[in-house]
Amino acid sequence: MSSSDRPATRIPDKPSLDGIEDRWSHQWASDHTYSFDRSATRDQVFAIDTPPPTVSGSLHIGHVFSYTHTDIIARYQRMTGKSVFYPIGWDDNGLATERRVQNYFGVRCDPASRYVADFEPPFHGEPPKDHQAIAVSRANFIELCEELVAQDEKIFESVLRRLGLSYDWSLLYTTIDEHSRRVSQLAFLHNLSRGEAYTQDAPTLWDVDYKTAVAQAEMEDREVAGAYHQIAFHRSDGADIVIDTTRPELLASCVALVAHPSDERYKALFGTATATTPLFGVEVPILAHHLADPEKGTGIAMICTFGDTTDVTWWRELNLPARAVVGRDGRFIADTPWITDEKGQARYGELAGRTAKQAQKLMVTMLRESGELLGEPRPVMHPVKFYERGDRALEIVSSRQWYIRNGGRETDLRAALVARADEITWHPAHMQHRYTNWVGGLNGDWLVSRQRFFGVPIPVWYPVDPAGNPDYDNPIVPSESQLPIDPSADAPDGYTNGQRNIPGGFMGDADVMDTWATSSLTPQIAGRWEADPDLFERVFPMDMRAQAHDIIRTWLFATVVRSHWEHGAAPWRHAALSGWILDPDRKKMSKSKGNVVTPMSLLEQYSTDAVRYWAGSARPGVDTAYSEDQMKVGRKLATKLLNVSKFVLGLGQPETIGAATDPIDISMLAKLAAVVADCTAAFEGFDYARSLERTEAFFWWFCDDYVELVKTRAYRIPADVGALSAQVALHAALGTLQRLFAPILAFTSEEVWSWWQTGSVHRAPWPAPAEPAGGDPELLDSVSEAMAQVRRTKTEAKLSQRASVDLLVIEAPAELHAALVAGRSDICDAGSVTAFELREGPALRCLVTLSPSPTTAGERPPTS
RNA sequence: GGGCGCAUAGCUCAGUUGGUUAGAGCGCUUCCCUUACAAGGAAGAUGUCGGGGGUUCGAAUCCCUCUGCGCCCA
C-alpha cells in the first residue's frame, strides 16, 4: 500500500470502548464483511459446522465461551485468505420448545382437539400456578411453538451479534424450517431404503410424564432413595424362595426367577423347578443367567417385564413372555390375563389404575398382610434411570418405534464407526477416547421416533388392511419431490384424506423424529445438500465441528452415523471440543444453584472484547473457572491497544515507506517476527489461547519497554534517519499487533485499524513471519535489562521516572557491548541520562548517579 | 465398577521432545499526577510444583502408587 491511498488518520482524542460494539456490528452487517464467497473452490474454503443453540432456553455464559472459541478460529482462517463458511442455526424443534410453549401460553397439545383459527392462548408468559393447561389441537400447538421460537430467536440473534460472532447470517437455518424438515426426511428415507432405518415393536425406555420414548443417549442415572423388600416365592414342595427387590409393585409382571449359573444355592433348580408368585399365584420358571449377581440380596432375582434394562436382556436372552403391568401413562393397566387365580385377580384389581408409587405402597401392605413380606423394607440409595429432562423414573414399555442402526447391535458397524473417528483430528486429542468409549458401550440401535408434536414428522404412512390393522412392515413412502410432508395432514399418492384410518385406507405415522435426528444433519442442512449440489461440494466434508464435550455421545456421534451412511465419510476433518464453565468453587455452573450470569450484562459491563479475551485465554477443551477478573484484564488490554495505537499513529506517519534502519528497531521487528511464527503455528493447531498468550506478552513488552525506549527518538523534529526508522518500525509493529489481536479483540482491533487503514482488519491478511534482514532479537534484551535497572533505582529512591541521571555507568560482558552501544542514545533519552559510560564487567550492572542526590545501584546486588 | 481429565504462588492459569535460579496476570505492599494511557505507570514480596516411591548426571515434566476433585458412562 502506498501512502497516497491511505486514509487520513481519524483518531479520537479520548479513545474508548464504549459503543464500539454497536458501531462495528452495524458496519460489518452493511459491508457484508463475513459473507461466504461461494465462488471459492473447496481448497480455498474453511467450512465450520456450528452448534445451533436450543432457543427455548436462554443463552448462558457457556455459550459465550465456546461460541467465541469457534469465532476466533473462523476469524483467523478468514485472515489467512480462506473463504469461511460459518453458518448459525436455531435448534427450535423438539421437546424443550414444547415444554416452554406449555409453560408460557398455559396450553397442552391434545391431538384429538379440533383446530381453532386465530386461537388466542390464555397467557403470554407466567401463567398462574393453579392454571389448568388448556387443550389445543396439534396444529394450534405447532403455531404457538412457531410464534414463540420466532420471538426467542430475535433475542438470541441480538446477543450473538453483540458478541461479535462472525457468522454469515444469510446462511441461517432452523431445525424446524421447511429446508431442515426436507433434509431430515430425505436422509431418513435414504436410511430406510438402504435398510439402515427400521421399525420394531420392542421394550422401550419410556417417560410417563412426557409420554414419549427416550433414547439411550438421553437417559441418565440418578441416585434416589429406595428400599429392598424381601419377598417369599413358593415352591410346589412348600419351601420358599426369598428374593430381594426394590420394585415389589412389579410382582404381577414377574415372568421368572434368575440366579447365577454357578450359584450352588440354586443350581439344582435351574430349568426344572418352578415357583409361584406371592399374592397372585402365577407359576414362573427358575432360570440361570450370568448377569444375576450372587452378591446382591439373596442371589436370586425376579425378572419383571420390565423393571430395568437388565430385565430386558433377560427377557430377550431367556425367551420369556411379556407381561407388562405399567401402561404408557405410568399407571397400572387393567388387563392381566396371565393371572388366573381368583384371589390373585382380586388383588390385582386393587392395583389397576394406580401409579407405580401408589402401587408400591399398596403392594407392601398386601404382602405384609399375607405374611409374604419378610422383615421390614431396608432403605437404600440406588441409581435409577431418568430421562435427562424428566422428573419421574423411566419405565420400560413395549411399543413400536423407529430405529437407525448405529452399531449398538452389530460388531462390524460399531468397528466402522469407531474407525471413522480416526479420520478426524480431535482438539484436544484425548476427546477421541470419549467417542470410542461411548460407541463401544452402546447396547442398542438409535431410537429416533418420539411421541411428540413439534418436530420433523416421520415421513411414512402405513396401509390399513380390510380388518383395520396397519401394516407396519410395508410403509408407504412419499416421493422425494413431495418432501417435506406431514403424514398426519397429507395423504399418500393414490389415496385421499377420506381414507385415513379406515379399513382399506391408510394411516399416517403420528410420531416425530428425535431432535438429534435432525441436528445430526447440520452439515447437510447448512450446506444445502441435494438442494444446491454445487454449494455442498464446496463445503463438505466440513473442516471443523465445534461443540462442547458433553454432547460427544449425542450430537457428534449422531452426525458421524448419518455421514457414514449417507456419504461413506467422516463429516469433518477437525473436531474442536470446548470445556465447561465452572463456578469459582469448581462445580459445574447450574441454574439450580442460582449462579448463572446473563451474558448481556457482562458484555455491557466489561465490553465484548473483554469477555472474548476471557474466553480466548482458556485452552481448548479445558474446563475453566468463571472469572470476572480475567474480563477486567481483557478490558485493560483492549484499552491499552486503543491508547498505544493512538500514540503511535499520533507520531505522524513516515513520509516515505522505507525499512527500519536502527539496530534497535530491527531487533524489535525480529522479536515480533518470532511471535508471528509462534502464533501462526498455534492457530494452525487450533490453539487460539497460545497465540493470545504470545501476542499479549509481546504487546506488554512492546508498550512498556520498546515504545518507552524509542519515543523520544521517534518524536524528533525535524525527523532524521533515526526518527524515521523508529516511526517505520512502530507502524509496522502496530499493524502486525492489531492483526494478531484481531481474532480475539474483534471490536478493538477493528476500531484501531480503521484509524489508519482501509477495509476491515478481519479481511486483512494474517501477518507473515518475515524476519527483517540482519535483525538480532536478543539485542534488545540487554537494553531492556539496563533500562529496568535504571527504573528500579529511581523507584527505590522514591523518585519519578522522569528524575534525571547525571551519570549512568554500565558494566557488562564484552559480548553485550555492541547492543548497549546501539541502544545508548535511546537509553539516555528514555532514562533522562546526561552522561553514559560503558565498562567491562562480569554481568550487566548499572551504576546510576541520580541528580541532585546521588544514589547507586551498587548498594544491592544486581539481579542480572 | 469402567473411560477421560485435573492437582504448580492467596486466586486464575502458563510451563511444547526431561536441562541453569519454576513463570504470567490478578490480588497484596511500596512508590510515581510521567505531554498515548491515573479506568495509568514503576518496582517488590510470595512456591515442599497434591503425598510417597522409582528411572536419570539431572524430574513440575517420564514410570508406579496413594489421596483429593471434575466430567462422561455402567
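Protein chains get the first letters and strands the later ones, always in sequence-line order, with residue 1 at the start of each. Values below: every heavy atom of this structure, side chains too, minus hydrogens, waters and symmetry copies.
Nucleotides B:rG25 and B:rG18 have their C1' atoms positioned 27 Å apart, rounded to a whole Å. Rounded to a whole angstrom, the distance from the P atom of B:rG19 to that of B:rG10 is 24 Å. Atom P of B:rG50 sits at a distance of 15 Å from the matching atom of B:rU12, rounded to the whole Å. Rounded to whole Å, the separation between the P atoms of B:rU20 and B:rU61 comes to 14 Å. Only the C1' atoms considered, B:rA9 is 32 Å distant from B:rC72, to the nearest whole Å. Rounded to whole Å, the separation between the P atoms of B:rU8 and B:rU48 comes to 11 Å. Separating the C1' atom of B:rG51 from that of B:rA7 is a span of 12 Å, rounded to the nearest Å. A distance of about 10 Å separates the C1' atoms of B:rC33 and B:rG41, rounded to the whole Å.
Remark: side-chain polar atoms of A:Glu750 are paired, donor with acceptor, to backbone N or O of A:Val761 under 3.5 angstrom. A donor-acceptor contact shorter than 3.5 Å links the side chain of A:Asp445 to the backbone of A:Asn406. When atom types are taken as modelled, the side chain of A:Lys646 and the backbone of A:Asp13 share a donor-acceptor pair closer than 3.5 angstrom.
Comparing A:Gly441 and A:Lys794, the nucleotide of RNA chain B nearest to each residue sits closer to the 5' end for A:Lys794.
Atom NE2 of A:His549 is separated from atom C1' of B:rC73 by 14 Å (rounded to the nearest Å). A:Lys640 has its NZ atom 12 Å from the C1' atom of B:rA39, to the nearest Å. Rounded to whole Å, the distance from CH2 on A:Trp701 to C1' on B:rG41 is 18 Å. For A:Leu442 and B:rC72, the CG to C1' distance is 13 Å, given to the nearest whole Å. Atoms CG (A:Asp293) and C1' (B:rG1) sit 12 Å apart, rounded to a whole Å. Taking atom CH2 of residue A:Trp614 and atom P of nucleotide B:rC13, one finds them 11 Å apart after rounding to whole Å. Between the CD atom of A:Gln801 and the P atom of B:rG40 there is a distance of 17 Å, rounded to whole Å.
Residue A:Tyr715 places at least one side-chain N or O under 4.0 Å from the OP1 or OP2 atom of B:rA36.
No N or O donor and acceptor, one from the side chain of A:Glu708 and one from the base of B:rA42, sit under 3.5 Å apart.
The shortest side-chain heavy-atom distance between A:Glu21 and A:Ser607 falls under the 4.5 Å cut-off. A 4.5 Å side-chain heavy-atom check between A:Asp678 and A:Phe698 finds every atom pair outside the cut-off. At least one side-chain heavy atom of A:Leu394 sits under 4.5 Å from a side-chain heavy atom of A:Asp207. A:Asp705 is listed as a side-chain neighbour of A:Arg791, based on a closest heavy-atom distance under 4.5 Å.
A distance of 6.0 Å or more separates the ring centres of A:His433 and A:His430. The aromatic ring centroids of A:Trp614 and A:Phe65 lie less than 6.0 Å from each other.
A cation-pi arrangement is present between A:Arg545 and A:Trp555, with the terminal nitrogen or guanidinium carbon under 6.0 Å from the aromatic centre and inside a 45° cone about the axis.
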Original post:
Which dot-bracket notation, 5' to 3', represents the base pairing of RNA chain B when pairs are defined as Watson-Crick or G-U with both distances under 3.5 Å, crossing pairs as [ ], and inter-strand pairs as |?
Top reply: (((((((..((((.....[...)))).(((((.......))))).....(((((..]....)))))))))))).
Check: protein-nucleotides 2-5 of chain B nitrogen or oxygen pairs below 3.5 Å:
residue: B:rC4; atom: O2'; partner: A:His430; partner atom: ND1; Å: 3.1

Would you tabulate the pairs of protein nitrogen or oxygen atoms and nucleotide nitrogen or oxygen atoms of nucleotides 25-30 of chain B closer than 3.5 angstrom?
residue: B:rC26; atom: OP1; partner: A:Lys636; partner atom: NZ; Å: 2.8

Could you list the protein-to-nucleotides 60-62 of chain B atom pairs, N/O on both sides, closer than 3.5 Å?
none

Mind listing the N/O atom pairs, protein and nucleotides 14-22 of chain B, below 3.5 Å?
residue: B:rA14; atom: O2'; partner: A:Glu693; partner atom: OE1; Å: 2.7
residue: B:rA14; atom: O2'; partner: A:Glu693; partner atom: OE2; Å: 3.0
residue: B:rG15; atom: OP1; partner: A:Arg690; partner atom: NH2; Å: 3.0
residue: B:rU16; atom: N3; partner: A:Arg690; partner atom: NH1; Å: 3.1
residue: B:rU16; atom: O4; partner: A:Arg690; partner atom: NH1; Å: 3.3
residue: B:rU16; atom: O4; partner: A:Arg694; partner atom: NH2; Å: 2.3

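Listed by first and then second residue, the salt bridge (Lys or Arg N to Asp or Glu O under 4.0 Å) pairs that reach into residues 629-643 of chain A are A:Asp18-A:Arg635, A:Asp629-A:Lys632, sequence neighbours excluded.
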